[in-house]
Amino acid sequence: MLSFDLRSVEANAVQVDSELAPNDSVWQHGDQVPAKPLRVTGRLSSAGSGGFVWHGRLEGDVIMPCRRCLTDTAATVQDDTYVMFAEAGSDETDDPDVYVLDERSNQLDIRPAVREQWLLNVPAFVQCREDCKGMCPKCGKNLNDGPCGCAATSDSRWDALRKVQT
């Protein structure tokens, strides 16, 4: 559960210990969603006068194509995060890092903040292994599985430089 009653949080801090499923409605088209449920832990507490603070941790795995050979590759994403929530109209809402609370709601849903923190920490690319050889530019074979048999070609634009080296 990642939605909390504001009145209970104002009275006492709440321990957050839940998961956010890859098929949850908070994820948007094009998001890099976790491979399995994202572990969300931490503490949600009142920060006085309508403000709230969540100090927590995200842990999950993402599967992305290797940037060189396009093989599906798993990467672990972990982040310690600190998020502030404030009522609309307060001075804190001028800060773009503060999440604005809906004044008509009695619930505080931290899923949008979890989604944003996840997306900020997912790597832009992954590599299946340090020595990945990539793909043959001619036939597309994964060169990690062995040579492809295509004839080696050279780019004639480099011929002048090759002559200087010899």
Side-chain angles (χ1 to χ4, degrees), residues 1-4 14-45 52-86 93 95-102 107-166:
M1 175 176 93
L2 295 172
S3 185
F4 304 91
V14 177
Q15 287 301 119
V16 178
D17 190 359
S18 190
E19 293 181 336
L20 185 60
N23 62 351
D24 192 282
S25 62
V26 75
W27 303 111
Q28 297 177 10
H29 179 72
D31 283 354
Q32 192 64 258
V33 299
K36 55 187 177 187
L38 176 63
R39 187 89 182 133
V40 181
T41 58
R43 178 183 164 119
L44 179 64
S45 58
F52 299 90
V53 175
W54 172 56
H55 182 88
R57 181 166 181 79
L58 307 175
E59 295 179 35
D61 294 322
V62 64
I63 296 179
M64 301 170 61
C66 172
R67 71 181 295 186
R68 291 184 179 172
C69 68
L70 301 180
T71 301
D72 280 347
T73 305
T76 299
V77 178
Q78 297 178 347
D79 180 47
D80 290 318
T81 187
Y82 183 83
V83 178
M84 293 188 63
F85 300 89
T93 57
D95 186 343
D97 293 330
V98 173
Y99 291 86
V100 179
L101 297 172
D102 183 1
Q107 295 288 313
L108 186 139
D109 185 3
I110 67 169
R111 292 177 314 141
V114 169
R115 173 189 170 267
E116 184 173 317
Q117 295 304 312
W118 166 261
L119 293 174
L120 287 171
N121 287 283
V122 169
F125 57 85
V126 294
Q127 200 167 306
C128 64
R129 60 187 203 204
E130 193 66 33
D131 63 339
C132 179
K133 296 178 182 173
M135 297 169 56
C136 173
K138 278 190 164 183
C139 69
K141 182 178 188 258
N142 185 341
L143 298 175
N144 294 316
D145 299 336
C148 64
C150 290
T153 60
S154 63
D155 189 340
S156 61
R157 294 176 290 180
W158 295 99
D159 288 345
L161 184 59
R162 284 188 193 97
K163 290 177 185 175
V164 172
Q165 290 179 343
T166 58

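Predicted model, so just to flag it, every value in this text is computed and none were measured. Side chains are part of it too, since the values below use all heavy atoms of this structure and drop only hydrogens, waters and symmetry mates. Residue numbers start at 1 and run along the sequence shown.
- The CZ atom of Arg39 lies 13.5 Å from the CG atom of Asp61; values are rounded to the nearest 0.5 Å.
- Distance check: Cys132 SG to Asn142 CG gives 6.5 Å after rounding to the nearest 0.5 Å.
- Residues Ile63 and Gln32 share a closest heavy-atom pair of O-OE1, 3.8 Å.
- Taking the side chain as every heavy atom from C-beta outward, Arg111 and Ser25 approach each other to under 4.5 Å.
- A distance of 10.5 Å separates CZ of Arg68 from CZ of Arg129, quoted to the nearest 0.5 Å.
- Scanning all heavy atoms of the two residues, the minimum distance from Leu2 to Asp109 falls at O-OD1, 3.3 Å.
- The CG atom of Asn121 sits 7.5 Å away from atom OG1 of Thr81, with the distance rounded to the nearest 0.5 Å.
- Smallest separation of non-hydrogen atoms from Pro34 and Trp27: CD-CZ2, 3.4 Å.
- Counting heavy atoms from C-beta outward, Leu58 and Val77 have side chains that stay 4.5 Å or more apart.
- Nearest heavy atom pair, residue Cys66 against residue Thr73, reads CB-OG1, 3.7 Å.
- The ring pair (Phe, Tyr, Trp, His ring centres under 6.0 Å) test with Phe85 is passed by exactly one of Phe52, Tyr99, Trp54, Phe4: Tyr99.
- When all heavy atoms of Ala86 and Val98 are compared, the closest pair comes out as CB-CG1, 3.7 Å.
- Looking at heavy atoms from C-beta onward, Val16 lies out of side-chain contact with Thr41 at the 4.5 angstrom threshold.
- A heavy-atom distance below 4.5 Å is found between the side chains of Arg115 and Gln28.
- Residues Cys148 and Leu143 are in side-chain contact: their nearest non-hydrogen atoms beyond the backbone lie under 4.5 Å apart.
- Here CD of Gln117 is found 13.0 Å from CZ of Arg57. Values are rounded to the nearest 0.5 Å.
- Side-chain contact check for Cys128 versus Asn144: some heavy-atom pair is nearer than 4.5 Å.
- Gln107 is linked by a side chain to side chain donor-acceptor pair (under 3.5 Å) to Ser3, counting only residues two or more places apart in sequence or in another chain.
- Closest heavy-atom contact between Lys141 and Pro147: NZ-O, 3.4 Å.
- In this structure, CD on Gln78 lies 5.0 Å from CD on Glu59, to the nearest 0.5 angstrom.
- Met64 places a side-chain heavy atom less than 4.5 Å from the side chain of Val122.
- Residues Ile110 and Val83 have side chains not in contact (no heavy-atom distance under 4.5 Å, counting atoms from C-beta outward).
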Audit row: Trp118, Val62, side-chain contact (heavy atoms from CB on, under 4.5 Å) steps and yes/no: CA-CA 10 Å; Trp118 166 261; Val62 64; 4.0 Å; yes
